[in-house]
Number of protein chains: 2
Amino acid sequence: MLVNEAYFAAKGWPSMFTLDNILDRFYPLPDTSKNAIMQLVEEVSYPKGHVLLTADKVERHIYFISKGIVRAYADTPTGLVTFWFGAEGDVALSMKSYISGEKSYEDIELLEDCNLYRINIEKLKALYQQDIHLANWGRKLTEYELVRTEERLIAMQFKTAEERYTDFINKNPEWLLRVQLGHIASYLGISQVSLSRIRAARR
Amino acid sequence: MLVNEAYFAAKGWPSMFTLDNILDRFYPLPDTSKNAIMQLVEEVSYPKGHVLLTADKVERHIYFISKGIVRAYADTPTGLVTFWFGAEGDVALSMKSYISGEKSYEDIELLEDCNLYRINIEKLKALYQQDIHLANWGRKLTEYELVRTEERLIAMQFKTAEERYTDFINKNPEWLLRVQLGHIASYLGISQVSLSRIRAARR
DNA sequence: CCAATATTTTTACAAATGTTAAAAAATACG
DNA sequence: CGTATTTTTTAACATTTGTAAAAATATTGG
């Protein structure tokens with residue numbers, strides 16, 4: 001994808017996220033710990049449209065996105081609502097399955113052909129009990145997600161729909177080229193018609 | 001507080017959260033680890049109205065609420081917006097200070113006279129590097145906050161103001177007696193007038 | 001108990017957002 | 001290339017929510 005490469009280069013990122021890049025993103029691991037976790041990793045690839053994990057099922061893996069973009073959505077009385085996008089370097093997971101072993105709240109669907117690294121949750125948690133570096137890595141992983149989730153919550157509570165849209169395109173300019181506006185609208189908590197109005201006002 | 005005791009009894013909780021109760025809430029700790037963390041704990045009490053921590057300052061402690069109720073709020077263009085309440089058993093902290101050592105986004109103010117346990121963040125993080133049980137305890141602490149934050153975000157994105165209010169009083173019935181409606185309104189992401197309208201419709 | 005203050009509700013109107021349906025534009029694919 | 005399908009925008013109207021100000025209610029402190 002040419003689009004992605006230009007975007008990565010502009011941010012000074014590698015042109016593809018290797019497993020090494022992704023694991024180091026949260027917490028620097030000594031080699032022995034990194035080897036231990038790499039034992040658990042499986043590489044998988046799925047085509048655009050594939051549903052990575054499904055609501056009302058306990059998901060046994062977490063995924064790291066090496067290439068591609070995905071969305072998490074939930075089935076609500078008003079339709080399918082996207083509440084998360086993940087792209088290169090992000091972790092795609094069901095929080096409920098990962099944290100409390102419960103059924104997932106959401107589907108995660110691939111919006112492009114994706115390369116992913118997959119780790120079995122049960123085995124990962126066993127490592128957390130054996131290796132203090134990995135326990136702290138796991139702590140940082142959750143902290144990272146918490147910061148992102150809190151930012152989203154604050155935006156929903158403090159900001160207007162227009163501000164949330166502006167923030168979205170400033171933070172993720174090329175996502176606009178990779179994701180449908182209808183998905184972005186529900187991610188921002190507004191109808192697609194509202195998003196269209198906001199976009200029209202900015203021209 | 002009679003109100004609190006009836007509430008605690010109804011939930012099968014202890015009538016006051018001791019440090020022991022609070023520490024075990026996230027993750028069961030072996031005695032040696034529990035002793036290590038207890039070395040760091042200081043008990044503090046402040047009166048209603050006291051500001052526990054302040055926006056734009058790096059907060060060096062996290063607090064566990066043994067007795068009392070507090071709110072976190074941020075100063076926004078539209079006024080002071082409450083975005084979190086904490087009561088007995090909860091952790092009161094600046095995520096930004098705790099996770100990334102940055103300035104707090106919010107004030108935390110005591111809505112009642114409070115008894116708190118305080119832990120120095122820097123010393124706590126040093127323990128995370130030394131004791132695998134505490135590293136996992138810290139992981140669970142963050143996971144617990146993440147689940148709560150994600151639930152809030154989902155409510156903001158998927159639910160109407162009325163549903164959020166209904167959920168609020170179902171989950172925290174006695175908070176209605178302990179917290180001003182104006183604070184609850186901004187917590188729910190609506191104006192106080194809107195909240196009044198919702199309450200009027202329910203009678 | 002009373003007066004002062006703070007909080008909550010109500011009212012009237014304005015602004016924002018949602019819904020439905022149709023039109024326009026973009027995309028996919030034979 | 002051209003048609004079918006999907007996505008996005010626009011329009012019209014209904015509903016929700018916000019703002020400002022006043023009225024009602026509750027709380028506080030002497």
Side-chain angles (χ1 to χ4, degrees), chain A residues 1-3 47-50 69 71 73 76-83 85 109-113 155-169 173-203, chain B residues 1-3 47-50 69 71 73 76-83 85 109-113 155-169 173-203:
Chain A
M1 282 274 146
L2 265 183
V3 168
K48 175 176 176 171
H50 177 78
I69 193 164
R71 71 166 182 136
Y73 60 90
T76 77
T78 52
L80 301 180
V81 179
T82 298
F83 69 92
F85 293 111
E109 173 201 37
L110 308 193
L111 301 176
E112 297 172 354
D113 296 349
M156 286 297 286
Q157 217 171 344
F158 295 179
K159 298 189 177 176
T160 64
E162 182 164 359
E163 286 173 310
R164 297 201 297 277
Y165 176 67
T166 303
D167 289 354
F168 181 86
I169 55 179
E174 46 70 87
W175 287 16
L176 215 50
L177 306 172
R178 299 171 76 184
V179 174
Q180 291 182 14
L181 289 172
H183 295 156
I184 294 175
S186 73
Y187 175 86
L188 295 174
I190 56 179
S191 68
Q192 180 159 5
V193 174
S194 269
L195 180 56
S196 254
R197 278 193 281 243
I198 288 168
R199 286 163 54 83
R202 293 165 59 95
R203 292 191 312 242
Chain B
M1 284 275 145
L2 266 183
V3 168
K48 175 177 175 171
H50 176 78
I69 192 164
R71 72 166 181 136
Y73 60 91
T76 76
T78 52
L80 301 180
V81 179
T82 298
F83 68 91
F85 294 111
E109 173 200 37
L110 308 192
L111 301 176
E112 299 171 354
D113 297 349
M156 286 296 286
Q157 217 171 343
F158 294 0
K159 298 189 177 177
T160 64
E162 182 165 359
E163 287 174 309
R164 296 201 297 276
Y165 176 67
T166 302
D167 289 354
F168 181 86
I169 55 179
E174 46 70 85
W175 286 17
L176 216 50
L177 306 171
R178 299 170 78 184
V179 175
Q180 291 181 15
L181 289 171
H183 296 154
I184 294 176
S186 74
Y187 174 86
L188 296 175
I190 56 178
S191 69
Q192 181 158 5
V193 174
S194 269
L195 180 55
S196 255
R197 279 193 279 241
I198 288 168
R199 287 163 54 83
R202 294 165 60 95
R203 291 190 313 241

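Lettering follows sequence order; numbering is per chain, from 1. What's counted below: heavy atoms across the whole structure, side chains too, no hydrogens, waters or symmetry copies.
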What is the distance, to the nearest angstrom, from the [atom1] atom on [X] to the [atom2] atom on [N]?
X: A/Leu181; N: C/dT27; atom1: CG; atom2: P; value: 11 Å
X: B/Leu177; N: C/dT7; atom1: CG; atom2: C1'; value: 15 Å
X: A/Glu163; N: C/dA16; atom1: CD; atom2: P; value: 12 Å
X: A/Glu112; N: C/dT27; atom1: CD; atom2: P; value: 14 Å

Exercise for the section: Evaluate the side-chain proximity of A/Thr82 to A/Ile184: yes if any heavy-atom separation is below 4.5 Å, no if none is. Expected result: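 No, too far: nothing below the 4.5 Å cut-off.
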Completion exercise
Under a 4.0 Å heavy-atom criterion, the protein footprint on nucleotides 13-30 of chain D, written with B, S and -, is ----BBBB----------
Exercise for the section: Could you please name the option among D/dT8, C/dT10, C/dT9 that lies closest to any side-chain atom of A/Ser196? Expected result: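 My answer, after comparing the listed nucleotides, is D/dT8.
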Handout entry: B/Gln180 side-chain proximity, nearest of D/dT10, D/dT8, C/dT8
Key = C/dT8
Practice task
Output all residues satisfying side chain to side chain contact (heavy atoms under 4.5 Å, CB included) with B/Asp113, sequence neighbours left out; order by chain, then residue number.
Solution key: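 Partners of B/Asp113 by the side chain to side chain contact (heavy atoms under 4.5 Å, CB included) criterion, ordered by chain and then number, come out as B/Pro47, B/Lys48.
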Practice task
Check the angle between the aromatic planes of B/Tyr187 and B/Phe85 and answer parallel, tilted or perpendicular using the 30° and 60° thresholds.
Solution key: tilted
Practice task
Indicate the atoms forming the closest heavy-atom contact of B/Gln192 with B/Ala185, along with that distance.
Solution key: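 Between these two residues, the closest heavy atoms are CA-CB, 3.7 Å.
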Practice task
Output the distance between atom CG (B/Leu111) and atom NE2 (B/His50), rounded to the nearest 0.5 Å.
Solution key: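 Between B/Leu111 CG and B/His50 NE2, I get 13.0 Å after rounding to 0.5 Å.
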Practice task
Find the distance between CG (A/Leu188) and CD1 (A/Ile198) and round it off to the nearest 0.5 Å.
Solution key: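 Result: 7.5 Å between the selected atoms.
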